[in-house]
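The model shown is predicted, which means the values in this text are computed figures rather than measured ones.
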Amino acid sequence: MGLYPFETIEKKWQATWKEKKVFKTEEEKGNKKIFILEMFPYPSGNLHMGHVRNYTIGDVVARYHRMKSYNVLHPMGWDAFGMPAENAAIKYGVHPYEWTVKNIENMKRQLNSLGISYDWDREVATCFPDYYKWNQWLFLQFYKKGLVYKKKSKVNWCPECKTVLANEQAEEGRCWRCKSEVELKELEQWFFKITDYSDELVKDLDILRGWPQKVKVMQRNWIGLSEGVMIKFKLSEKVEGYKDDFIEVFTTRSDTLGGATFMVVSAEHPIVKNILDSKNNEELIEFLKDYEKEKIQNRFTVGVNDKKGVSLGITVVNPLTNEDIQVFASNYVLMSYGTGAVMGVPAHDARDFDFAKEKNLPIKYVIKPEDKDTCDESSVYEDEGIVVNSPHISGLKSSDAKKKIVEMFQEEKIAKFTKQIRLRDWLISRQRYWGTPIPIVYCEKCGIVPLNENDLPVILPTNVEFTGTGGSPLSNIDEFVNVKCPICGSNAKRETDTMDTFVDSSWYYLRFCDPKNETEPFSKDKAKYWMSVDQYIGGVEHAVLHLLYSRFFVKVLRDLGFLEIDEPFSNLLTQGMVLKDGEKMSKSKGNVIDPEEILATYGADTARLFILFAAPPEKDLEWSEQGVEGAHRFLSRVWRLFHDNIDIIKDTKALVLDDLTKDEVDIYKKLNKTLLKAGNDIEDKFHFNTSIAALMEFTNEFSFSLRNKKIRPELVKKIFETFTIILSVFAPHMCEEIWSEMGNNDLISSQNWPEVDTNYLEDDICVIAIQINGKLRDKIMVEKDQTEDVIEDMVMSSLRVKKFIEGKDVLKKIYVKNKIFNIVVK
RNA sequence: GCCGGGGUGGCGAAAUGGCAGACGCAACGGACUUAAAAUCCGUCGGGCAUCCCCCGUGUGGGUUCGAGUCCCACCCCCGGCACCA
């Protein structure tokens, strides 16, 4: 297949770009800035096709904007801390440091062999002290601000990774990395107080107009902010040992309070234990046993269980109706949300309805649809409407009733508006070695003491043994653990947990603005100039992890005075997956395509072109060897076309456009149309596939013209120049070679994007489709912009039109200028 | 169940309410060749009486001179969330 010498060409230009620092970021020129960023990879050792797609997309955007005279910041780095390095150490005895550095080296080579235009002078790797020092520094700033705390709680423990996980990292009860089942352990851990920002994290989703709806919805759901009312239900009689004389519930539907005919608390609600202590309730004991069993079985399996429950033998008073209602313990109320107790409104909540049916409890309808006179009592009605059958609030709309309820009861402190959030604070400590040491010591006298900023960095010791058996390896290194307290000088012990690697990636884009800064994580000025990231590109799998943490970081850093922006990424493109045979590539399925092999067989330009052409970037892409060959064929065709004509264009003069022949005008117009479309499609929605299709179309036509028509060398040269510049954002190596063979001494990568010659853009002839009753019947070629009368005469004199309207009445004629003429007949 | 995104040739995909299927892949026919590969030219939604006409963008309705595109109802696929009160 090797039709053009891509091996030599690609190496040659990669070396030239590197040597001449062609992609070095310039801040000085007065141009507009643009920050284009692809999610930096974990240095696993090899790029996979997902990376290739991600970085190719970003590269086209970067190259295009460079040609459009933007100051482009397009950096790359390494998310270099994390488990695989440590696992490799345990398994093969390689130090994580060596393993990681070697992997970085290889992946950097691979990225360069793809011709991605990075400014490598800004490279960062999170595992080096010059980076993680600032993790520690930021930790201390967060600490001072009261956004870091240590707490003992039940946390997600991954037995495989031997470390704890944040909530959002335990996906459906499984570890996000290794997929093993998570256990709950009671441990003391460090947290970032991300919940302090939950309101803003939700609210600001609205300003992220350049984010996919999908991602915003996922974040909104994850944060799970809901506004409702807390209502206290008085206990009819005191429960021994229970702290209050009421049970409080959270509801978003306080308008249905009148329909609350029972109350349900979680099996884990404290009052359950009190009742168990004071009364011997066989049924309850039995239920709790079952509940525990079920919980272990279904602990993390998803799905809705049958609703079970048992009466606690107590009643509370519905504050609106003053009726005594029974209280149940059940398996369907979550202790972790709201107060762990809910009011049971079977008429207007499907879950309560199920439970009421099960227990034969009264069902009282208190909401009717606004457009009906009565309630539909055949099933649950969960929508809002008009309140009926309820003291004080009957006749009110749901929204008004909610307000009235709070008004009525706030004085007695029975009801108040509140917000509930599902989001939990971010657990950031990890019992692992290969991460950023947490800059805290435990002093015998002073307790928890944060280090001083000038004691940073806390260097990760290298003389470590990796046994893989429990506990952080750091805790075994005495010279690391034993320190003096920075306050009182007494003996102290260092924190041996390290930070979640998502801390590293929460601010790396800021470091890219100022990667060599030795006195601060980044300078305010530089961050002000470059931020926010104008285009962020990566996989959707980070929708609620990395992207949420980063948003949180930016808001905190803004409040600390380091930033003036509210959001880190103004535009986000989540690219689709690369599939083979309709499935995600994976070792177990044996359907992995190694980028390295594709590069060796077809070259980088082909790989890039195929990946960009096969589907628009946001859609999944089906890998096709034949498609790759097609891309290669196209490049070969361009290569051949150029070399078939190189002799005639080599020493031509500059083009003078005044006396072009019709054939020349035709092809020159086509060039300008192609240029316009290619640029628009890149800019609009990154629809590179249609951009490339336009280039292919042009190539077909140009090749036809060169064979069958007379086009003067000056124009041929001009066309090759323009065409090659456009193509170069997709296939930079081959175009660089053609550019140089054309006799240019500069680089195509440094050219400006060509201007569209609007004098040669519009056709003066157009084709008008003639429809009769909306069906295509004929076409006519006419000069553009003629009057309707002239067109009508031509249309009506068409033989085909005559044939179709013969014997019928013409009711109406519609003319859309230069496009279509529709005749309505009967 | 809820939320989001989709259903267009054999396949990947194109189409500001105005000629459905651009571009590519596969397939088929032809040229070149002793032959093959490569390359080049052509055909390529279905039906059919093959320069004609009919049907055709998940299904059924609607709006419109005109609907893949807008509206209503439904079916199916993919992704996310899932007893969140």
Side-chain angles (χ1 to χ4, degrees), chain A residues 1-3 171-172 212-222 224-226 228 249-254 256 264 266 302-307 330-334 336-345 348-352 354-355 382 420-422 540-541 543-544 576-577 582 609-610 613-616 618-631 633-634 636-637 640 677 687 689-700 703-704 707 767-779 800 803 811-825:
Chain A
M1 255 276 162
L3 292 170
E171 297 161 343
E172 298 191 354
Q213 193 62 24
K214 176 171 65 165
V215 175
K216 289 192 277 189
V217 167
M218 283 163 76
Q219 292 216 353
R220 193 169 276 122
N221 288 344
W222 182 260
L225 194 70
S226 82
V249 302
F250 174 75
T251 177
T252 54
R253 293 298 304 276
S254 47
T256 65
V264 193
S266 164
V302 211
V304 178
N305 300 329
D306 287 343
K307 294 184 177 41
S330 95
N331 63 345
Y332 82 92
V333 174
L334 302 174
S336 54
Y337 188 79
T339 61
V342 300
M343 59 185 203
V345 186
H348 306 291
D349 182 293
R351 296 157 298 182
D352 297 339
D354 290 348
F355 190 72
E382 293 190 297
Q420 286 293 317
I421 43 164
R422 201 181 85 120
V540 74
E541 64 273 15
V544 283
M577 287 187 296
L609 196 78
F610 167 72
F613 177 66
E618 71 280 3
K619 278 185 86 167
D620 285 350
L621 180 154
E622 173 67 26
W623 189 266
S624 150
E625 195 76 17
Q626 281 152 343
V628 177
E629 282 178 18
R633 246 190 319 260
F634 169 67
S636 303
R637 211 157 33 229
R640 228 177 302 119
K677 177 165 175 57
H687 280 190
N689 55 334
T690 51
S691 250
I692 292 168
L695 290 176
M696 290 173 165
E697 207 178 317
F698 179 79
T699 306
N700 293 340
S703 149
F704 181 83
R707 271 180 286 118
V767 177
I768 292 181
I770 304 173
Q771 295 183 340
I772 293 166
N773 287 346
K775 282 192 177 167
L776 180 69
R777 293 303 181 195
D778 202 0
K779 294 178 187 182
R800 289 184 48 79
K803 184 180 145 201
L811 302 179
K812 204 172 175 182
K813 292 168 188 165
I814 297 121
Y815 177 54
V816 180
K817 200 174 170 191
N818 298 332
K819 251 184 194 159
I820 209 158
F821 195 100
N822 191 12
I823 306 166
V824 186
V825 298

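Taking the C1' atom of each, B:C70 and B:U57 are spaced 16 Å apart, rounded to whole Å. The separation of B:G21 from B:C81, taken at their P atoms, amounts to 41 Å, rounded to a whole angstrom. Remark: the separation of the C1' atoms in B:G80 and B:U43 is 45 Å, to the nearest Å. Taking the P atoms as reference points, B:G29 lies 15 Å from B:A38, given to the whole Å. Look at the C1' atom in both B:G24 and B:C19: the space between them is 22 Å, to the nearest Å. Between B:C41 and B:C23, the distance separating the two P atoms is 13 Å to the nearest Å. Atom P of B:G68 sits at a distance of 13 Å from the matching atom of B:C55, rounded to the whole Å. Comparing the same atom, C1', in B:G9 and in B:A20 gives a spacing of 11 Å after rounding to whole Å.
Listed nucleotides B:G12, B:A14, B:C53 differ in distance to A:T690; the shortest reach to its side chain belongs to B:A14. Here the side chain of A:P616 is nearest to one of B:C3, B:A13, B:C23, namely B:A13. Ranking B:G4, B:A85, B:G24 by closeness to the A:L334 side chain, first place goes to B:A85. Side-chain proximity of A:R633 to B:C52, B:C19, B:C25: nearest is B:C25. Among the nucleotides B:C53, B:C23, B:C19, the one closest to the side chain of A:R800 is B:C53. Counting only heavy atoms from C-beta on, A:K819 has its side chain closest to B:U16 among B:C23, B:C53, B:U16.
Distances shorter than 4.0 Å separate some side-chain N or O of A:R422 from OP1 or OP2 on B:A82.
Using a 4.0 Å heavy-atom cutoff across all strands shown, A:V249 reaches no nucleic acid atom at all. When heavy atoms are screened at a 4.0 angstrom cut-off, A:V333 is found touching base atoms of the nucleic acid. Nucleic acid contact for A:K619: sugar-phosphate only, since backbone atoms but no base atoms lie under 4.0 Å from a heavy atom of the residue. Residue contacts shown for A:K775 are limited to sugar-phosphate atoms, with no base heavy atom under 4.0 Å away. Within the nucleic acid shown, A:G338 has no heavy atom closer than 4.0 Å to any nucleic acid atom. Within 4.0 Å of A:S624, counting heavy atoms only, lies no atom of the nucleic acid at all. A:N700 comes within contact range of the sugar-phosphate backbone alone, with a heavy-atom separation under 4.0 Å but no base atom that close. Contacts of A:K779 with the nucleic acid, taken as non-hydrogen atoms under 4.0 Å apart, include base atoms.
Counting to the nearest Å, the P atom of B:G66 and the CG atom of A:L811 are 11 Å from each other. In this structure, A:K216 atom NZ and B:G79 atom P are separated by 23 Å, rounded to whole Å. Remark: C1' of B:C11 and CH2 of A:W623 are 17 Å apart, rounded to the nearest angstrom. Look at CG on A:D620: it is 16 Å from C1' on B:C11, rounded to the nearest Å. Summarising the geometry, the separation between CZ on A:R640 and P on B:U39 is reported as 6 Å, rounded to the nearest angstrom. Between the CD1 atom of A:I421 and the C1' atom of B:A85 there is a distance of 16 Å, rounded to whole Å. Whole-Å rounding puts the A:E629 CD to B:A38 P distance at 9 Å. In this structure, A:I770 atom CD1 and B:G66 atom P are separated by 18 Å, rounded to whole Å.
Side chain A:K307 to base B:C83: a donor-acceptor pair is found below 3.5 Å. Between the side chain of A:N221 and the base of B:C81, no donor-acceptor pair under 3.5 Å is found.
Inter-residue side-chain proximity for A:I772 and A:D778 is flagged as unmet; no heavy-atom pair is nearer than 4.5 Å. Two residues are said to be in side-chain contact when any heavy atoms from C-beta on lie closer than 4.5 Å; A:V342 and A:Y337 fail this criterion.
Mapping A:H687 and A:K812 onto RNA chain B via the closest heavy atom, the residue that lands nearer the 5' end is A:H687. Between A:Q771 and A:V540, the residue anchored nearer the 5' end of RNA chain B, judged by the nucleotide with its closest heavy atom, is A:Q771.
At least one test fails for A:K307 against the ring of A:F355: distance under 6.0 Å to the centre or angle within 45° of the axis.
A:R640 and A:S636 are not linked by any side-chain donor-acceptor pair at a separation below 3.5 angstrom, with hydrogens and angles left out of the test.
Pair check for B:A22 finds none; no Watson-Crick or G-U wobble contact set falls under 3.5 Å. Shown here, B:A31 forms a base pair with B:U39; the pair counts as Watson-Crick or G-U wobble because both key distances fall under 3.5 Å. In this structure B:C81 sits in a base pair with B:G1, meeting the Watson-Crick or G-U test at under 3.5 Å. Here B:U59 sits opposite B:A73 as a Watson-Crick or G-U wobble pair (both hydrogen-bonding atom distances under 3.5 Å).
The aromatic rings of A:F821 and A:Y815 sit tilted relative to each other, their planes meeting at an angle between 30° and 60°.
The closest donor-acceptor contact from the side chain of A:R637 to the backbone of A:M696 lies at 3.5 Å or more, if one exists at all. Proximity of a side-chain donor or acceptor of A:D620 to a complementary backbone N or O of A:M577 within less than 3.5 Å is detected.
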Exercise. Would you check, one step at a time, whether the test side chain to side chain contact (heavy atoms under 4.5 Å, CB included) holds for A:F250 with A:T252?
Key: CA-CA 7 Å; A:F250 174 75; A:T252 54; 4.1 Å; yes
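B:G58 takes the anti form, because its glycosidic angle lies more than 90° either side of 0.
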